[in-house]
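The basis for the numbers below is simple: all heavy atoms, side chains too, and nothing from hydrogens, waters or symmetry mates. The first residue of the sequence shown is numbered 1, and numbering continues consecutively from there.
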Amino acid sequence: MSHTRPAGIETGAHFPSYNFSPGHHVTRLLRDVLSPMRDGTMLAMDILRPVEEDRYPVILVRTPYDKVRFFASPMRRPFLDRMAARGYVVAVQDCRGRFNSDGAFDPYRQEHDDGFDTIEWIAKQAWCDGNVGMIGRSYEGQTQWFAAAKAPPALKAIVPFCSPPGNAFANEPIWGGAMTLASAEWAFALGRRTFQLPDLNTLLEKEHPYFEASPLSTMGEAAGTYSPFWEEWLRHPLMDEFWQSCGYDQYHPSMTVPALNVTGWWDLNFSGAIDNFVEMRRKGAGQRARQGQRLVIGPWPHWPNIWQSRNDVDFGEDALVDLDGYTARFLDFWLRGDTGNGLDEEAAVHIFVLGANEWWSANEWPLPGTEFQALYLDSNGAANTHDGDGCLRFDLPESPGHDSYISDPSDPIRTVFNMHDGPVDDRVVTGRPDILCYTTDAFTELTDIVGPVELDLYASSSAPDCDWHVRLVDVHPDGCARFLSRGVLRARFRSGFDSLNFPEPNRIHNYKIDLGAVGIRLLPGHRLRVEICSSWFNRFDVNAQTGADNWMTSTLTPISATQRIYHTPHEASRIILPFIRPTLSS
């Protein structure tokens, strides 16, 4: 007898490779080609194209990070050169108000129409055969979805790497109601047209003094700069029409494009790829869009497919894959009609399972055969710190109990956020008494947990508002606690982000907290841990806990609060995990 995964999952799979031809075209680079938008604003793009006068499919990048810099990147230029030599036109455009493009930069809100107009203009050029695809990472990934929202007929496929989701409160710039301070640094670093940093690669690598400014409305002055769009953000503490105009998830039902969604387990925009894959599979406009979705999750941070190891953890030689080849294969299939390259015979989902250090493939997410099971939080009332008595159990607590800690906004939990990070060791901060830790017993056999994760929390606060920060970690036999996933919810938003629903002080309320997803094989001797606290600085802003309607501009004096997490038969706080159970075969 042997153990296998459920039907529909291939374990130990090889990531798809594609020996795409090097191409024979001689190419040239055209600088500052201007394209008009519907309001007359001219946007600039650099175009790499074959010298032969002919019509070709076009790969478009729309970036706020300087088209010249994009073409100069040693990580990107070889792929662009190769695609152009194979008979593609590569166009890289500065977004409105960035570098050589006219207008003023207004993130998110301008990209729907500008993306549509750019694609329509390209499709009419003598060098375009009417087929346009898009590629790019992070904000460049979002510009693809914004363009897809308006369904330009010429847009046939997109390849968003590490794209945030299409809801401004789901990850960027606000996550669960808490402002990500990376968004503030990003706003200040971009300036009006050009970077205000000598090297953009240093973005989000260290803690800046202006992060200490409170409220958020004083941060620009503390940073010695001014960002009009940042100031506008701070005037909108709810998911109102302004933030709706910054999103795209409401457009999924009208989107017609297949997409290759790529992310890494430690990507700061992790949820975008999964959300878009799932929503387009459910709601996309037509079978082509729904069946054309692909999902790749690797053992990577915000820069996919560069490092084999992070934070002293080596993921093995399979961690790095032929991602360029897979991208080319995807584009060849949808833009050149190369339907014989086998893409449609490949699984739609490819994920790297940590611990097993191998790729799994399937055709759906969550994976076939996923069994969602609750682990309940429990303790004898002293779950504070990683040395406390907090435990995770498969059984419902038999008697009432709770744990408590003091949340002091003047002394937040501090850990420098770095978007290059991977499975960091949380013990640096979990020795503090204002972090509750709930840990399983050691697993005695291989246990696969792969899929979405949610915390169903019962909690109270003595304050009129607070944050619930939750992290899931893999505790190794040597005690190190490697980060797996996180979630956050500002208490006022427990019923949704479009209205305020402040918790009643000292009353138990229920909170559903999305922790994203995990892909981990727990080896014998490993344990799982849930960490709960009320601040995580500088990844997020600190909740002053005053209950001010607009916390981003309020000058009310922050207040400390007593927080309680409940584990009773009726208020049973629990984490819901996706188990992939082995089946026996002869």
Side-chain angles (χ1 to χ4, degrees), residues 3 264-267 270 297-301 307-320 351-358 375-380 382-394 403 405 413-450 453 455 469-487 515-533 536 539 575 577-580 582:
H3 287 76
W265 290 119
W266 303 287
D267 176 20
F270 172 74
I297 307 175
W300 312 314
W307 297 290
Q308 180 177 314
S309 63
R310 290 279 81 193
N311 305 108
D312 301 320
V313 179
D314 191 315
F315 308 111
E317 60 183 15
D318 291 335
L320 302 182
I351 62 170
F352 189 90
V353 176
L354 307 170
N357 286 356
E358 62 183 19
L375 271 70
Y376 296 93
L377 281 59
D378 203 357
S379 77
N380 290 319
N384 311 74
T385 82
H386 53 248
D387 291 323
D389 64 9
C391 61
L392 282 178
R393 306 172 33 171
F394 286 93
D403 297 287
Y405 61 92
I413 294 159
R414 293 175 177 267
T415 176
V416 175
F417 170 69
N418 187 324
M419 61 182 173
H420 300 289
D421 276 341
V424 296
D425 186 350
D426 266 14
R427 291 178 300 174
V428 175
V429 292
T430 54
R432 291 179 51 136
D434 50 356
I435 299 183
L436 302 180
C437 296
Y438 300 90
T439 311
T440 65
D441 291 335
F443 285 82
T444 58
E445 58 184 22
L446 298 179
T447 303
D448 296 329
I449 302 176
V450 183
V453 180
L455 184 73
H469 290 272
V470 185
R471 288 164 71 100
L472 181 66
V473 300
D474 169 16
V475 183
H476 291 229
D478 65 1
C480 69
R482 299 293 182 182
F483 167 75
L484 293 174
S485 70
R486 68 162 65 85
L515 269 68
V518 297
I520 181 74
R521 169 170 289 172
L522 294 171
L523 305 178
H526 285 237
R527 296 172 291 159
L528 276 181
R529 176 176 293 156
V530 171
E531 305 166 352
I532 301 175
C533 55
W536 208 271
R539 181 69 177 93
I575 188 167
L577 296 172
F579 289 85
I580 306 294

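Atom CG of Leu515 and atom CD1 of Ile575 lie 5.5 Å apart (nearest 0.5 Å). One distance of note links CG of Leu392 with CZ of Arg529; it measures 9.5 Å at 0.5 Å rounding. Atom OG1 of Thr447 is separated from atom CZ of Arg521 by 9.5 Å, given to the nearest 0.5 angstrom. In this structure, CG on Leu528 lies 5.0 Å from OG1 on Thr440, to the nearest 0.5 angstrom. From Asn380, atom CG reaches atom CG of Asp389 across 5.0 Å, with rounding to the nearest 0.5 Å. Arg486 CZ to Leu472 CG: the interatomic distance, rounded to the nearest 0.5 Å, is 12.0 Å.
Residues Leu446 and Pro524 are in side-chain contact: their nearest non-hydrogen atoms beyond the backbone lie under 4.5 Å apart. By the 4.5 Å heavy-atom criterion applied to side chains, Asn384 and Leu436 are counted as neighbours. Residues Leu354 and Pro299 form a side-chain contact, since some pair of their non-hydrogen atoms from C-beta on lies under 4.5 Å apart. Proximity of Leu377 to Leu455: side-chain heavy atoms (C-beta onward) are separated by under 4.5 Å at one or more points. Residues Ile520 and Trp265 fail the side-chain proximity criterion, which asks for heavy atoms closer than 4.5 Å. You'll find the side chain of Cys533 stays beyond 4.5 Å of the side chain of Asp434, heavy atoms only.
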- How far apart are the C-alpha atoms of Gln308 and Asp314, what are their side-chain angles, what is the distance that settles it, and do they pass the side-chain contact (heavy atoms from CB on, under 4.5 Å) test? CA-CA 6 Å; Gln308 180 177 314; Asp314 191 315; 3.0 Å; yes

- Trace of the side-chain contact (heavy atoms from CB on, under 4.5 Å) decision for Val470 with Val530: CA-CA 7 Å; Val470 185; Val530 171; 3.9 Å; yes

- Task: Decide side-chain contact (heavy atoms from CB on, under 4.5 Å) for Tyr438 and Leu375; before the verdict, give the C-alpha distance in whole Å, the side-chain angles of both, and the deciding distance to 0.1 Å.
- Result: CA-CA 10 Å; Tyr438 300 90; Leu375 271 70; over 6 Å; no

- Message: Working note: Asp441 + Phe394, criterion side-chain contact (heavy atoms from CB on, under 4.5 Å); need CA distance, chi angles, decisive distance, verdict.
- Response: CA-CA 10 Å; Asp441 291 335; Phe394 286 93; over 6 Å; no

- Please test Phe315 against Trp266 for ring-ring contact (aromatic ring centres under 6.0 Å, His included), starting from the C-alpha separation and ending with a verdict. CA-CA 13 Å; Phe315 308 111; Trp266 303 287; 5.3 Å; yes

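Taking both residues in full, the closest heavy atoms of Asp478 and Arg427 are given as O-NH1, 3.8 Å, listed atom of the first, atom of the second, then distance. Between Gly525 and Pro477, the shortest heavy-atom distance links the atoms O-CG, 3.7 Å. When every heavy atom of Leu484 is checked against every heavy atom of Val473, the shortest pair comes out as CD1-C, 3.9 Å. For the pair Thr430 and Ile435, the tightest heavy-atom approach, listed with the atom from each and the gap, is CA-CD1, 3.9 Å. When all heavy atoms of Arg432 and Thr385 are compared, the closest pair comes out as O-CG2, 3.4 Å. Contact record, Ala517 with Ser485: O-CB, 3.8 Å, taken as the closest heavy-atom pair.
In terms of modelled atom types and a separation under 3.5 Å, the side chain of Asp403 and the main chain of Ala382 share a donor-acceptor contact. Using modelled atom types, one side-chain atom of Asp425 and one backbone atom of Ala481 make a donor-acceptor pair closer than 3.5 Å. Checking side-chain atoms of Arg527 against main-chain N and O of Val475 turns up no donor-acceptor pair under 3.5 Å.
Aromatic ring orientation, His420 versus Trp307: perpendicular (interplanar angle above 60°, classes split at 30° and 60°).
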